[in-house]
Number of protein chains: 4
Amino acid sequence: MPRPPGHGPGFEVRRQKIIDIAASLFAQQGYAATSINDLGRAVGLAKGALYYYIGSKENLLVEIQSRVMGPLLSRARQIADLDMDPLLRLRLLSESLLTIIFRRLDHIWVYEHDYRSLSGDELKTLLAQRSDFEQLISDLLSQAMEQGMFRTMSPRLATLQFLNLHNHTYQWVKPDGQWDAQFLSHEYCATLFRGFGAPDHALPKVEKQAQEFKRDRPGLPLDPEAEWEATAG
Amino acid sequence: MPRPPGHGPGFEVRRQKIIDIAASLFAQQGYAATSINDLGRAVGLAKGALYYYIGSKENLLVEIQSRVMGPLLSRARQIADLDMDPLLRLRLLSESLLTIIFRRLDHIWVYEHDYRSLSGDELKTLLAQRSDFEQLISDLLSQAMEQGMFRTMSPRLATLQFLNLHNHTYQWVKPDGQWDAQFLSHEYCATLFRGFGAPDHALPKVEKQAQEFKRDRPGLPLDPEAEWEATAG
Amino acid sequence: MPRPPGHGPGFEVRRQKIIDIAASLFAQQGYAATSINDLGRAVGLAKGALYYYIGSKENLLVEIQSRVMGPLLSRARQIADLDMDPLLRLRLLSESLLTIIFRRLDHIWVYEHDYRSLSGDELKTLLAQRSDFEQLISDLLSQAMEQGMFRTMSPRLATLQFLNLHNHTYQWVKPDGQWDAQFLSHEYCATLFRGFGAPDHALPKVEKQAQEFKRDRPGLPLDPEAEWEATAG
Amino acid sequence: MPRPPGHGPGFEVRRQKIIDIAASLFAQQGYAATSINDLGRAVGLAKGALYYYIGSKENLLVEIQSRVMGPLLSRARQIADLDMDPLLRLRLLSESLLTIIFRRLDHIWVYEHDYRSLSGDELKTLLAQRSDFEQLISDLLSQAMEQGMFRTMSPRLATLQFLNLHNHTYQWVKPDGQWDAQFLSHEYCATLFRGFGAPDHALPKVEKQAQEFKRDRPGLPLDPEAEWEATAG
DNA sequence: CATGAATGAGGTTTCATTCAT
DNA sequence: TATGAATGAAACCTCATTCAT
């Protein structure tokens, strides 16, 4: 993000601080619901000075997004390139992802919630980055399947489960809470690696029961919006 | 939602249609970015008439949210009350949840994205409903642990994993795609039930490797934002 | 300019009135110096209602411009197509042009002064219209030369003289003053038609004198910015 | 233009250069649409330093205007005072005027377009200068009439024609084009001097035809905005 | 039931100008 | 001399909402 030439030494520092505060406000109230006035008040700067630093409101979104996605993608590529067990690399990647979620929770909120507010080009860049990240996961999962560590399954679906489990974390996690990134990574990977591992005997039974239930109890459809007719007894 | 007294027979029908269209627009463009004019154009009604049906813009949000949460919570309670295996009930609850995600994808988008736009009271109601739903899951997971089907673990963390896996689905799912709610439920539960099951021997190894990696390779920190110092060899 | 469907009968009337007032304000203070608030005050409408009618500030410019150029060009084409003496057609065209300058003086001011504020596409349209109009003049002048009514001269330069003489009129004309469009047209054409007619003997003399003056009086250069060295006597 | 006391030797030089660049920018984009930032960028100076030289934005307008009007008026007075044929003096004055239009086209653009942005006092000065210049022309034309070189006509109207023809030139002239100031002056004066000269026989005919046309063809009114009723045949 | 017209607050952004350094 | 930082007014425009008809 090369700024026009001629900025004093403190410029970039203050600029970063403003982006931080913006991320915090956007995370709390949403991008659309946060006005430049709100930001100015929080920063302690009049509107004019604010624009001196930020360029535009949408540009803040771009900065926030790239501050999250740039480092993450870069580190993720390094990890994926390691000459190691795919499972280990997945585990490391998982912790890396969770680490940035913990550290930059505000940014992640914005990133996950308001990326639709980006205009065409910026949105395209963002989606490409997301896609690159997903591909790294997908490749590792495929390798794990090929090496027999996971049962054979749709790599796409496995990827999506991995991402669901990690990416939704921002919705409830508390950076200063009882769990840290390492612990969550450990737990998530334990679930996923076991879950993706060789089939055991418990599963088929439940699945069969579920089929029977649906057959035998048409009066209690799983569709929450289906009409309800009690079979009571 | 105070509705003016004395409505014709078509009132409710048309009202529901409007809410549907609103959900669709909000899902596409976001609640804040959708104007009442947009909605009027999509519905084919001038603003005045629109307000006759909707009351206010925020009220639409309330309607959309309750249309999702009402049936879901009601059905979830019925399922949780069944006299059956906790695993089976979890499996049924999973499919129920995914079914409504598939069916009401637009509503879910709005529900997940824009609930922050609700004002105090409505927000409180919504959060209470979310909490109730989570409690149902949590109780079933605890029962499964007590009955030895799952290893002992934090019920809260298990719940959050269950919710992460399911709730993030709306981000990418395509209702007319290759997978349906039943299939996804099957897959998710396969992962979770295996993952939450008795510990196998594969896991500890990965975890130990991860610890060693972090010890031996300080030059490649998992923190994506940490400074990078190559240990080259 | 078809407006979005669904406007009452009074809409267009009021819209035209607003454009009129806008033209008047723009003519007095300039387009850039006239704010939408100014316009609102003059019209007696709040900003919101104003935008209901005008679409955007720039759109006002487009309307004003086309209100002048549309009728003028259309009528000019009819006149140019008449089966008559080129001189007569030039005379009629002159009066037509001056008539609209008198009638729509405000619009002309805006049209002549602020067309640079138009954005790309609109500007292109405007310039094309101007060019079309100039071409009509140019063709008639060429015909007059071919028929021996005018001495042979650059048609382009003749056209520009015609336009200079007419178009600059808006700068000082007073619609309710002592002269009307017909009179001015008569006078302008008298000047131009005589001036473009066969060469007489008075001219060369002046021109020769001017050359001699410049040769003999280097101390009084015609360039107003040249250094001055008095030759005083 | 209060200049802070004590300026280095380069001050005035740099100041003039800045005014030049300002004139160029104002001519291209208009005074209102050119920001001090634009100017700073073009000059290569930050805003603070710029204000050290220019005083204020409006002051630039004053400088630009006086740079054109000062020398022109001074030279015009000298020419008008010459003991010579009024026609010759008009011809010299014409060339003088066109010379500065060619040389200072940017300034002229600004002068003609944005003088309305001047505040009260400055505007009054400018208008007085304009008026003085016009008076010089008017006097010469009157003399030419008295001496029988021109037919008797309204001196005011003759002046306005002279000014129209010359002053509108800035709208299309290209300083490096095929024509120079001397040539244009020659052509303009040829037109005007012939046009203002003794009546010839071509004119009355056209004028009579025009009257007949308007009488006989009410269906083709010269007013471009008049309703059109074809008289077809 | 339905409409088009009107409002007024608030949104983002620009800009001439000032001033400490 | 020159700079970068700061201000505050004002610009254009949008929008949820109301209301007479």
Side-chain angles (χ1 to χ4, degrees), chain A residues 3-11 14-15 32-40 44-60, chain B residues 4 6-8 10-11 14 32-40 44-60, chain C residues 3-11 14-15 32-40 44-60, chain D residues 4 6-8 10-11 14 32-40 44-60:
Chain A
R3 286 267 122 195
H7 277 307
F11 179 87
R14 184 144 205 187
R15 188 163 167 274
T34 304
S35 82
I36 290 289
N37 263 341
D38 292 341
L39 182 54
L45 229 38
K47 263 185 295 194
L50 216 54
Y51 270 87
Y52 177 67
Y53 288 102
I54 67 175
S56 77
K57 194 184 177 191
E58 188 182 347
N59 188 51
L60 282 172
Chain B
H7 283 308
F11 179 86
R14 188 148 203 188
T34 303
S35 77
I36 290 288
N37 257 347
D38 292 341
L39 181 56
L45 228 42
K47 272 188 289 201
L50 214 55
Y51 268 85
Y52 175 71
Y53 290 104
I54 67 175
S56 78
K57 194 185 176 190
E58 188 182 346
N59 188 48
L60 283 171
Chain C
R3 286 269 121 194
H7 278 306
F11 179 87
R14 185 143 207 188
R15 188 164 166 274
T34 304
S35 81
I36 289 290
N37 265 341
D38 292 342
L39 181 55
L45 229 39
K47 259 183 303 193
L50 215 54
Y51 271 88
Y52 177 67
Y53 289 101
I54 66 174
S56 76
K57 194 186 176 188
E58 188 182 345
N59 189 50
L60 281 172
Chain D
H7 282 310
F11 179 86
R14 188 148 204 186
T34 303
S35 77
I36 290 289
N37 257 347
D38 292 341
L39 181 56
L45 229 40
K47 271 188 287 199
L50 216 55
Y51 269 85
Y52 175 70
Y53 289 104
I54 67 174
S56 79
K57 195 187 177 189
E58 188 182 344
N59 187 49
L60 283 171

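Below, all heavy atoms of this structure are taken into account, side chains as well, without hydrogens, waters or symmetry copies.
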(request) Taking A:Lys57 for its side chain and A:Ser35 for its backbone only, find out whether a donor-acceptor pair lies under 3.5 Å. (result)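 Not at all, since once roles are kept as given, no pair shorter than 3.5 Å links the two residues.
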(message) I need the A:Arg15 CZ to A:Leu50 CG distance, nearest 0.5 Å.
(response)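 Atom-to-atom, A:Arg15:CZ and A:Leu50:CG are 12.0 Å apart.
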(request) Could you tell me whether the side chain of D:Asn59 reaches within less than 4.5 Å of the side chain of D:Ile54, counting heavy atoms only? (result)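 Not in contact.
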(request) Evaluate the side-chain proximity of D:His7 to D:Tyr52: yes if any heavy-atom separation is below 4.5 Å, no if none is. (result)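 Counting from C-beta outward, D:Tyr52 and D:His7 do come under 4.5 Å.
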[atom1] of [X] versus [atom2] of [N]: gap in Å, rounded?
X	N	atom1	atom2	value
C:Asn59	F:dC12	CG	P	14 Å
C:Ile36	E:dT7	CD1	C1'	16 Å
B:Ile54	F:dT17	CD1	P	7 Å

(request) Not counting sequence neighbours, which residues clear ring-ring contact (aromatic ring centres under 6.0 Å, His included) with B:Tyr53? List them please. (result)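 B:Tyr53 satisfies ring-ring contact (aromatic ring centres under 6.0 Å, His included) with B:Phe11 once adjacent residues are dropped.
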(message) Ignoring hydrogens, what is the shortest heavy-atom contact between A:Leu45 and A:Ala49? Give both atom names and the distance.
(response)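 Of all heavy-atom pairs spanning A:Leu45 and A:Ala49, the closest is CG-CB, 3.6 Å.
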(request) Write down the atom of C:Ile36, the atom of C:Lys47, and the distance for their closest heavy-atom approach. (result)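 Here C:Ile36 and C:Lys47 meet closest at CG2-CG, 3.8 Å.
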(request) For D:Leu50 and for B:Lys57, locate the closest nucleotide of DNA chain F by heavy-atom distance; then report the residue assigned to the nucleotide nearer the 5' terminus. (result)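 It is D:Leu50 whose nearest nucleotide is closer to the 5' end.
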(request) With DNA chain F as reference, determine whether D:Arg14 or C:Ser35 sits nearer its 5' end, using the nearest nucleotide of each. (result)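 So the residue in question is D:Arg14.
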(message) Once pairs are restricted to Watson-Crick or G-U wobble with both distances under 3.5 Å, how does DNA chain E read as a dot-bracket string, [ ] for crossings and | for other-strand pairs?
(response) .||||||||||||||||||||
(request) Look at all strands and tell whether B:Leu45 reaches a base, only sugar-phosphate, or nothing, counting heavy atoms closer than 4.0 Å. (result)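 Sugar-phosphate only.
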(message) Which is more 5' along DNA chain E, the nucleotide nearest C:Pro9 or the one nearest B:Tyr53? Just name the residue.
(response)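 Closer to the 5' end of DNA chain E: B:Tyr53.
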Pairwise N/O distances under 3.5 Å, protein to nucleotides 18-21 of chain E:
none

